[in-house]
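First the structure, in the form of structure tokens, and then the observations on it.
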Amino acid sequence: MQESIQEWGKAILRAAIIIVVLFFFCWPMRLMGSSMEPTMGDGEIVLMNRFAALQGNYEKGDIVMFHYYDADGSKTVVKRIIATEGDTIRILEDGVEVNGELLQEDYADGVTDGLVDMTVPQDTVFVMGDNRQSSYDSRNMGVISCEDLKGKVFFRIYPFHEFGKI
């Protein structure tokens, strides 16, 4: 009887550890919309590292998930960080300029337009979708508070033919 209880205890402990690891490091999310095409598309399932949100460890180029609140309520959104606090960002006819340097954005699709000439405030990030012409992002909604960032997208699990690191 004692051995059986110990075995059950070990199994429960292992399951709890797996759940904690999945909760913080590999949270699955289904994408909705086309704003991140061609990098990621509608219906794809990706993994998000939620531990990054606890650390506040975000850099330019990271693909992040965050909550956005509008008149329709809260939405979970996926975008790419283009600039972080203290960066100066401008949208020009020939692309996006951060701190005086034109970004080489091989991942971006479509024309990048908008009226942006600003310094990103403290504890915020400037995000944009990779599909520039159909993305509702910081050009429209403003900068995103770091408190609203929920994690970094790092791996695609579906569709299977594109399984792997993003």
Side-chain angles (χ1 to χ4, degrees), residues 24-70 72 74-159 161-166:
F24 284 107
F25 297 103
C26 297
W27 191 258
M29 296 290 294
R30 180 179 294 275
L31 303 178
M32 294 176 12
S34 62
S35 71
M36 286 301 292
E37 289 179 356
T39 307
M40 298 179 296
D42 187 42
E44 292 187 5
I45 300 173
V46 296
L47 295 178
M48 172 180 66
N49 179 345
R50 293 166 56 128
F51 190 67
L54 296 174
Q55 290 183 309
N57 185 19
Y58 296 102
E59 299 174 5
K60 294 177 195 93
D62 287 344
I63 298 172
V64 295
M65 287 194 168
F66 59 92
H67 290 302
Y68 174 67
Y69 307 92
D70 64 9
D72 297 330
S74 175
K75 298 175 185 172
T76 301
V77 181
V78 178
K79 303 291 179 200
R80 185 182 301 273
I81 294 177
I82 302 300
T84 58
E85 68 177 64
D87 288 336
T88 301
I89 182 166
R90 294 183 340 149
I91 294 181
L92 309 168
E93 286 182 20
D94 51 349
V96 179
E97 182 183 88
V98 176
N99 298 327
E101 292 186 30
L102 195 61
L103 297 181
Q104 299 301 313
E105 299 182 292
D106 299 333
Y107 49 80
D109 188 39
V111 176
T112 304
D113 58 4
L115 300 173
V116 176
D117 187 355
M118 66 176 293
T119 299
V120 179
Q122 185 174 355
D123 297 323
T124 65
V125 293
F126 190 96
V127 298
M128 294 174 75
D130 290 355
N131 185 350
R132 296 296 165 80
Q133 291 178 299
S134 71
S135 180
Y136 188 80
D137 50 38
S138 286
R139 294 173 290 173
N140 315 100
M141 65 175 85
V143 294
I144 304 302
S145 169
C146 290
E147 288 181 3
D148 290 332
L149 298 176
K150 299 303 173 196
K152 288 187 206 180
V153 174
F154 68 96
F155 200 86
R156 180 183 358 251
I157 57 177
Y158 181 83
H161 69 277
E162 293 191 41
F163 185 88
K165 187 176 179 183
I166 297 176

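Between N99 atom CG and R90 atom CZ the span is 11.5 Å, to the nearest 0.5 Å.
By the salt bridge (Lys or Arg N to Asp or Glu O under 4.0 Å) test, R30 pairs with no residue at all, sequence neighbours left out. For Y68, there are no ring pair (Phe, Tyr, Trp, His ring centres under 6.0 Å) partners at least two apart in sequence or on another chain. Shown here are the side chain to side chain donor-acceptor pair (under 3.5 Å) partners of E105, two or more places apart in sequence or in another chain: Y107, R132. In this structure E37 satisfies the side chain to side chain donor-acceptor pair (under 3.5 Å) test with no other residue, sequence neighbours excluded.
The side-chain heavy atoms of S34 and D42, taken from C-beta on, include no pair separated by under 4.5 Å. By the 4.5 Å heavy-atom criterion applied to side chains, D130 and R80 are counted as neighbours. Counting heavy atoms from C-beta outward, V98 and I82 have side chains that approach closer than 4.5 Å. I91 has its side chain within reach of T112: a pair of non-hydrogen atoms, C-beta onward, lies under 4.5 Å apart. Proximity of V96 to L102: side-chain heavy atoms (C-beta onward) are nowhere separated by under 4.5 Å. Annotation: side chain of Q133 is in contact with side chain of V111 (closest heavy-atom distance under 4.5 Å). Two residues are said to be in side-chain contact when any heavy atoms from C-beta on lie closer than 4.5 Å; M141 and Y136 meet this criterion. Within the 4.5 Å cutoff, the side chain of M40 has heavy atoms near those of the V46 side chain.
In this structure, the side chain of E162 does not engage the main chain of P159 through any donor-acceptor pair within 3.5 Å. In this structure a side-chain-to-backbone donor-acceptor pair under 3.5 Å is missing from R50 to W27.
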Let me check something: any side-chain donor-acceptor pairs from residues 58-65 under 3.5 Å, sequence neighbours excluded? List them with distances.
| unit_1 | atom_1 | unit_2 | atom_2 | d |
| --- | --- | --- | --- | --- |
| Y58 | OH | A53 | N | 3.4 |
| Y58 | OH | G151 | N | 3.4 |
| K60 | NZ | D87 | OD2 | 3.0 |
| D62 | OD2 | E59 | N | 2.7 |
| D62 | OD2 | K152 | NZ | 3.4 |

Show me the side-chain donor-acceptor pairs of residues 116-129 shorter than 3.5 Å, one per line, residues at least two apart or across chains.
| unit_1 | atom_1 | unit_2 | atom_2 | d |
| --- | --- | --- | --- | --- |
| T119 | OG1 | T88 | OG1 | 3.4 |
| T124 | OG1 | P121 | O | 2.6 |

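Aromatic rings from F155 and F163 are positioned such that their centres are separated by under 6.0 Å.
Remark: the K79 side chain and the S135 side chain contain an N/O donor-acceptor pair separated by less than 3.5 Å. Side-chain contact of S35 with N131: a donor-acceptor pair under 3.5 Å is absent, judged by distance alone. With 3.5 Å as the limit, one finds no donor-acceptor pair spanning the side chains of D148 and S145.
The minimum heavy-atom distance linking I45 with P28 is given by the pair CG2-CB, 4.5 Å.
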Checking F154 against M48 for the side chain to side chain contact (heavy atoms under 4.5 Å, CB included) test, could you report, in this order, the C-alpha distance in whole Å, the side-chain angles of both residues, the deciding distance, and whether it holds?
CA-CA 6 Å; F154 68 96; M48 172 180 66; 5.7 Å; no
